[in-house]
Amino acid sequence: MDYAIETAPLETLQCDCLIVGVYQDQQLSASASSINNSTQGVINKILSRGDISGKNGETVLINVIPDSSIERILLVGLGENKPLSGKNYRKALLAAINSLKKTQIKSVVCSLAECDVMASDWQWKTRQIVEVFNDAVYQFTAYKTDKETESKVEKISITTSETELRSAQTGLIQGKAIAEGINLTKLLADLPGNICTPTYLAQQAFELGKKYPSLDISVLEESDMEKLGMGALLSVSRGSRQPAKLITLDYRGGEKNGKPIVLIGKGLTFDAGGISLKQAPGMDEMKYDMCGGATVLGTLLAAAQMQLPLNIIGLIPSSENMPDGDANKPGDILTSMSGKTIEVLNTDAEGRLLLCDTLTYAERYNPDVVIDLATLTGACLVALGRVPSGLLGNNDALCNDLLAASETANDSLWRLPLWEEYQEQLKSNFADLANVGGKDAGTITAACFLSQFAENFHWAHLDIAGTAWRTGPTKGATGRPVPLLSQYLINRAHG
Ligand code: BES
Ligand code: MN
Ligand code: ZN
């Protein structure tokens, strides 16, 4: 999809469809009013029939427009005639793009950046148009014989006044970069485990490095990890025929020798549970256990495309977790890279085994902060459902920065406590710590486990088990939390 800014007057535009807003009680937005005047009052005619009241999310497509090179007009309800909440703005945008599906519309002009939205500037509103539209038209058709997509839209032009041009352009650049990052994350996540293996993920990282020369890619093989003593990570891939990879993306847009922001993403390309085998229903969804890793790739794509003046390191430990004669067994004791020993009480708690060695490995980058993202616990779904990602961390400033970014980005987060008392649950009779903490507070004890490997830096952990993909009839990757992390990086770049 092609996105652009448009500053020409509405009356002079040529397009398949113009999107304009109408408020409740049938009050027209500025663009709606102006196009109404130049088209013999066609919008007023539709309103007087009562086909749209202006409630948020309502839409009417006017299919024939007299005296105009605009072929159609889409009326979108905005709700009450006062500044919209960010959420309602996105709701209206989503309704707009959804109602263009299954039509033949290719070129679209969207005037909705002119809406008043609480605490938002033109930049944010432009960006949201790109992000919401992009999200709605994504379809995973790689393995469908019929690749026809529901949306035929090819070009979206966002109207802007001259005074807001700069702001809109920045929003467009950010929106396009984030949208492209989200697309990559979703695509990799939706790919099945037989295609998207650790080796495939590593290849995709190299491809990204070719496209963005500011990204340096390197990959540690199992033999390299052996030398580093990554006994926890390697124990997981021992049960798989696919070799593990530790993928590094090195982006140096900031000051030379400036401390980097390190992003670590769990890259389990399939999690069968190992010897503690998962049950069959829904197991296909464990192809999504690499969403943390895919998010790191998507976020670094966005950062490189925006040329953010930051140093960022992406680390993706990638493996499968399979049952096998050589797989981890309950009771096995591992020695992690940090030297701490771990008793494996459940082989399905494998994510933390990959992450703990990667956290130790991150120390060599002398990080400013480390943020890990992982589809780590089913317990996170029990605690928080599929609305926010779980946030835990050892540094309040970092957690607050992430919470602030999540609000702006509309990619919600909820912090859970990481109190000392919970560490008790990880005690092992035979090793320094156990890899599971019993049935209570599973998301917190998982984070407690990780915290023992993150003692030497500021660290936050995002449990994205409930937010990285949708289940049910609309099953598919969401691309979260690419928007949140991109926003965090944008904020850091400007702070
Ligand atoms: N990848 C899963 C977590 C998961 C489960 C994410 C369901 C999304 C939906 C993780 O590796 C796992 O299996 N965790 C176990 C931990 C338990 C054994 C302590 C879990 O959540 O059941
Ligand atoms: Mn597991
Ligand atoms: Zn897992």
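Quick caveat, the model's predicted, so the values are computed rather than measured.
Between the CG atom in Leu28 and the CG atom in Asn36 there is a gap of 5.5 Å [rounded to 0.5 Å]. With rounding to the nearest 0.5 Å, the separation of CG in Asn56 from OG in Ser85 is 7.5 Å. The CG atom of Leu484 lies 8.5 Å from the OG1 atom of Thr299; values are rounded to the nearest 0.5 Å. In this structure, NZ on Lys287 lies 11.5 Å from CG on Leu188, to the nearest 0.5 angstrom. Going from atom CG of Leu398 over to atom CG of Leu403 covers 9.5 Å, rounded to the nearest 0.5 Å. For the atom pair Leu413 CG and Arg480 CZ, the distance stands at 8.0 Å (nearest 0.5 Å).
Here the shortest heavy-atom pairing between Gly21 and Leu78 reads CA-CD1, 3.8 Å. Between Ala294 and Thr185, the shortest heavy-atom distance links the atoms O-OG1, 2.9 Å. Across all their heavy atoms, Leu381 and Ala465 have their closest contact at CD1-O, 3.9 Å. The shortest heavy-atom contact between Trp122 and Thr159 is CZ2-O, 3.6 Å. Between Glu11 and Ser34, the closest heavy-atom pair is OE2-OG, 3.2 Å. Summarising the geometry of Ala4 relative to Lys155, their closest heavy-atom pair is CB-CE, 4.1 Å, with the distance given to 0.1 Å.
Using a 4.5 Å heavy-atom cutoff, the side chains of Ile490 and Arg127 are in contact. Ser48 places none of its side-chain heavy atoms less than 4.5 Å from the side chain of Gln26. Contact check for Leu208 versus Gln204: no side-chain heavy atoms found under the 4.5 Å cut-off. Taking the side chain as every heavy atom from C-beta outward, Leu315 and Val296 never approach each other to under 4.5 Å. Inter-residue side-chain proximity for Gln487 and Asp411 is flagged as unmet; no heavy-atom pair is nearer than 4.5 Å. With contacts defined as side-chain heavy-atom distances shorter than 4.5 Å, the pair Ile43/Ile62 qualifies. With a 4.5 Å cut-off on side-chain heavy atoms, Tyr488 and Ile261 count as touching. Contact annotation: the side chain of Leu450 approaches that of Leu376 to within less than 4.5 Å [non-hydrogen atoms, C-beta and beyond].
At a cut-off of 3.5 Å, with distance as the only test, a side-chain donor of Ser31 or Glu114 sits close to an acceptor on the other residue. Thr126 and Gln169 form no side-chain donor-acceptor contact under 3.5 Å, judged by distance and modelled atom types alone. A donor-acceptor contact closer than 3.5 angstrom links the side chains of Ser53 and Glu58.
Salt-bridge formation is detected for the pair Asp289/Lys266: a Lys NZ or Arg NE/NH1/NH2 atom is positioned less than 4.0 Å from an Asp or Glu carboxylate oxygen. Lys144 and Glu148 are not joined by a salt bridge, as no carboxylate oxygen comes within less than 4.0 angstrom of a charged side-chain nitrogen. Salt-bridge check for Asp284 with Lys475: passed, with a basic side-chain N closer than 4.0 Å to an acidic carboxylate O.
Counting heavy atoms of neighbouring residues, nucleotides and ligands inside a 6.0 Å radius, atom CZ of Arg166 does not exceed 12 of them. For Lys87, the NZ atom is loosely surrounded, since the number of other residues' heavy atoms within 6.0 Å does not exceed 12.
Between Lys245 and the options Pro317, Ser319, Pro198, a side-chain contact (heavy atoms from CB on, under 4.5 Å) holds for only Pro198. For the side-chain contact (heavy atoms from CB on, under 4.5 Å) with Asp16, the qualifying choice from Ile105, Val153, Val108 is Ile105, the only one to do so.
Pairs passing the side chain to side chain donor-acceptor pair (under 3.5 Å) check and including a residue from residues 377-393, sequence neighbours excluded, read Thr377-Thr443, Thr377-Asp463, Ser389-Thr467. Screening residues 198-214 for salt bridge (Lys or Arg N to Asp or Glu O under 4.0 Å), with sequence neighbours left out, gives Glu180-Lys211, Glu207-Lys210. Among residue pairs with one or both ends in residues 393-407, those qualifying as side chain to side chain donor-acceptor pair (under 3.5 Å) are Asn395-His458, Asp396-Arg415; sequence neighbours excluded. Here ring pair (Phe, Tyr, Trp, His ring centres under 6.0 Å) pairs that include residues 135-187, with residues two or more places apart or in two chains, number zero.
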Exercise for the section: Evaluate the salt bridge (charged side-chain N to carboxylate O under 4.0 Å, His left out) criterion for residues Lys186 and Asp135: first the C-alpha distance (whole Å), next the side-chain angles of each, then the deciding distance (0.1 Å), finally the verdict. Expected result: CA-CA 10 Å; Lys186 286 201 220 178; Asp135 190 55; 2.5 Å; yes

Handout entry: Criterion side-chain contact (heavy atoms from CB on, under 4.5 Å) on Leu47 and Ile52, from CA distance to verdict
Key = CA-CA 6 Å; Leu47 291 181; Ile52 180 166; 3.5 Å; yes

Exercise for the section: Show your reasoning for whether side-chain contact (heavy atoms from CB on, under 4.5 Å) applies to Ile313 and Asn311. Expected result: CA-CA 7 Å; Ile313 304 289; Asn311 295 329; over 6 Å; no

Exercise for the section: Just do the side-chain contact (heavy atoms from CB on, under 4.5 Å) check on Ile65 and Ile73 with the steps written out, would you? Expected result: CA-CA 8 Å; Ile65 311 296; Ile73 294 174; 3.6 Å; yes

Practice task
Please assess Asp116 against Lys82 for the test side-chain contact (heavy atoms from CB on, under 4.5 Å), listing each intermediate value before the final yes or no.
Solution key: CA-CA 7 Å; Asp116 262 337; Lys82 59 175 200 198; over 6 Å; no

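Taking the six-membered ring where the residue is Trp, Tyr89 and Trp124 present tilted rings, their angle falling between 30° and 60°.
With sequence neighbours excluded, the residues satisfying side chain to side chain donor-acceptor pair (under 3.5 Å) with Asp67 are Gln40. The ring pair (Phe, Tyr, Trp, His ring centres under 6.0 Å) search around Trp459 returns none, not counting sequence neighbours. For Tyr251, there are no ring pair (Phe, Tyr, Trp, His ring centres under 6.0 Å) partners, not counting sequence neighbours. With sequence neighbours excluded, the residues that form a salt bridge (Lys or Arg N to Asp or Glu O under 4.0 Å) with Asp368 are Arg492. In terms of the side chain to side chain donor-acceptor pair (under 3.5 Å) criterion, Ser218 has no residue partners (sequence neighbours excluded). Taking Lys55 as the reference, nothing meets the side chain to side chain donor-acceptor pair (under 3.5 Å) condition, with sequence neighbours excluded. With sequence neighbours left out, the salt bridge (Lys or Arg N to Asp or Glu O under 4.0 Å) criterion links Lys278 to Asp271, Asp348. For Asn183, the side chain to side chain donor-acceptor pair (under 3.5 Å) partners at least two apart in sequence or on another chain are Asn134.
In this structure, Ser120 contributes its side chain and Met118 its backbone to a donor-acceptor pair below 3.5 Å. A donor-acceptor contact shorter than 3.5 Å is absent between the side chain of Thr149 and the backbone of Val137. The backbone N or O of Ala477 sits less than 3.5 Å from a side-chain atom of Asp190, completing a donor-acceptor pair. Not one N or O on the side chain of Thr160 forms a donor-acceptor pair closer than 3.5 Å with the backbone of Thr7.
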